[in-house]
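Everything below concerns the one structure shown next.
Ligands are counted one by one from 1 in listed order, and the atoms in each one are counted from 1 as well.
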Amino acid sequence: MNLRVRFAPSPTGSLHLGNARTAIFNWLFARHHKGQFVLRIEDTDRERSKPEYEVQLIESLKWLGLDWDEGPDKGGPFGPYRQSERLEIYQEYVQRLLKEGKAYYCYCSQEELEAERRQCLAKGIPPRYSGKCRELTERQRQQYEKEGRRPAIRFRVPDEVVEFEDLIKGKMRFYAGDIGDFIIVRSNGLPAYNFAVVIDDAFMQITHVIRGEDHLANTACQLLLYEALNLTPPKFAHHPLLLAPDRTKLSKRHGAVSVEEYKKEGFLPQALLFYLTTLGSGAQKEIWDKDTLIERFDLKMTGKGNVIFDRNQLLWVNRQFLRSLPIETIANYAKDFVPEKTDNKTLKDFLGLIRENIATLSEISTFWPVFNQPEINLSEEAISTLKEEAAQMVIKLFYGALESGRSDYESILKEIQQKTGLKGRKLLFPLRLALTSQKSGPQLHQILEYLPREWIKLRLKQAFFA
Ligand code: GLU
């Protein structure tokens, strides 16, 4: 069997981390099993869908390192891959359902439906459509048409039990009677999600649907449609959703939630890919690259119970990738965080110096001015430490050694230690402050090697007279 999966985002906003996770699972599943990964754009919600969001979604997916075998930008044998371009295909199946009496026109207005809904809630029962238009006569229909009402089309939900074996959650069971006749074509003529998705998944020969468990109830509706249309359903796998630390759905009020925002903050795609893939399977002790993720991927990794997004864990992962990826790779992503004209050699040397001291690329900004211009601004705090007698002594001696042309920093430090009796932090900290005005950062010997000699002297002088 040729395994085929899809990611089917609606272009109504930027790529949310939760959706990115679904995309990643599908992609890894396809690559692990040497199947196909399809990108399909579900843009039938005219008001909310925007072409620029599609562009953004595609960019975010590519940035994460995902690639697809078929999609709106690539074409493929089952296209088109945008639902708005597939309306004729849906039409054919709607007609079939109407003809077979499995679907019917519904003329209920928004207000009528809302009133029904409120009645259900008042009675304490879950709201569902009453079936008011189920058995309309031709005359009643004509009357409604005359009134200028535009009908939606509803699926006549049969009275049965829907059962399926979810690849993650195991046996699932729904009583269809609880669902109520749902809309398959809206009154504006556009197909509703549950309907379009069934036609597309069947038509595109999707074998596995992997998506968030918020779609479980939809799956019941979709299985009823597969049955009514005599189509073979795919296998389903519903993964737990990504929650915020307060155990509610991760949303804007918790901070950054889109892939784009994390990119802007200076997270590496490798880190986000790894973290989103593995956070459901417990604390990570080692990081894996893309190929290892593909090799080891298993649907079980999507998690059981609550999957909680923890920014600190992601920061830890990002740090690991910043330390371990080739400098060339990091330089590529770091370009957006340094002045435009920075040459590659400068950038790589600089990253080599600070990569262990940052958790995200945006933290470059705290180090860039310190290491890329001759002078620095000493903070008030630094100045007050540098004014202490011991500090002044260290700086003076160090400066003196440089003045005499020496650059054997280690022996200079040893001599100062012997002369002053100062050692460890007492000896090194004033120099760090004088050279960077920062309390922490790269090791002192790295700083000394990195900074041009003239800059070092300039800064020592500035610290001495601070
Ligand atoms: N367009 C749907 C969404 O973004 C797709 C759900 C599905 O995978 O079927 O939620």
Would you be so kind as to tabulate the donor-acceptor pairs closer than 3.5 Å made by side chains of residues 357-364, with sequence neighbours excluded?
| unit_1 | atom_1 | unit_2 | atom_2 | d |
| --- | --- | --- | --- | --- |
| Asn357 | ND2 | Gly441 | O | 3.1 |
| Thr360 | OG1 | Glu265 | O | 3.4 |
| Thr360 | OG1 | Ser362 | OG | 3.0 |
| Ser362 | OG | Glu265 | O | 2.8 |
| Glu363 | OE1 | Ala359 | N | 3.0 |

Q. Is a donor on one side and an acceptor on the other found under 3.5 Å between the side chain of His238 and the backbone of Gly212?
A. no
Are there any protein N or O atoms under 3.5 Å from the N or O atoms of ligand 1? List them with distances, or say none.
| unit_1 | atom_1 | unit_2 | atom_2 | d |
| --- | --- | --- | --- | --- |
| ligand 1 | 1 (N) | Ala8 | O | 2.8 |
| ligand 1 | 1 (N) | Ser10 | OG | 3.1 |
| ligand 1 | 1 (N) | Glu42 | OE1 | 2.6 |
| ligand 1 | 8 (O) | Arg6 | NH1 | 2.7 |
| ligand 1 | 8 (O) | Arg6 | NH2 | 3.4 |
| ligand 1 | 9 (O) | Arg6 | NH2 | 2.9 |
| ligand 1 | 9 (O) | Tyr193 | OH | 2.6 |
| ligand 1 | 9 (O) | Arg211 | NH1 | 2.7 |
| ligand 1 | 10 (O) | His215 | NE2 | 3.1 |

Q: Spell out, as yes or no, whether a donor-acceptor pair under 3.5 Å connects the side chain of Asn306 to the backbone of Ile308.
A: no
Q. Can you find a heavy atom in the side chain of His239 that is under 4.5 Å from one in the side chain of Ile210?
A. yes
Q: Name all pairs fulfilling the ring-ring contact (aromatic ring centres under 6.0 Å, His included) condition that reach into residues 70-119, sequence neighbours left out, sorted by first residue then second.
A: Tyr107-Tyr144
Q | For Phe267, all residues meeting ring pair (Phe, Tyr, Trp, His ring centres under 6.0 Å), sequence neighbours excluded | A | Tyr262
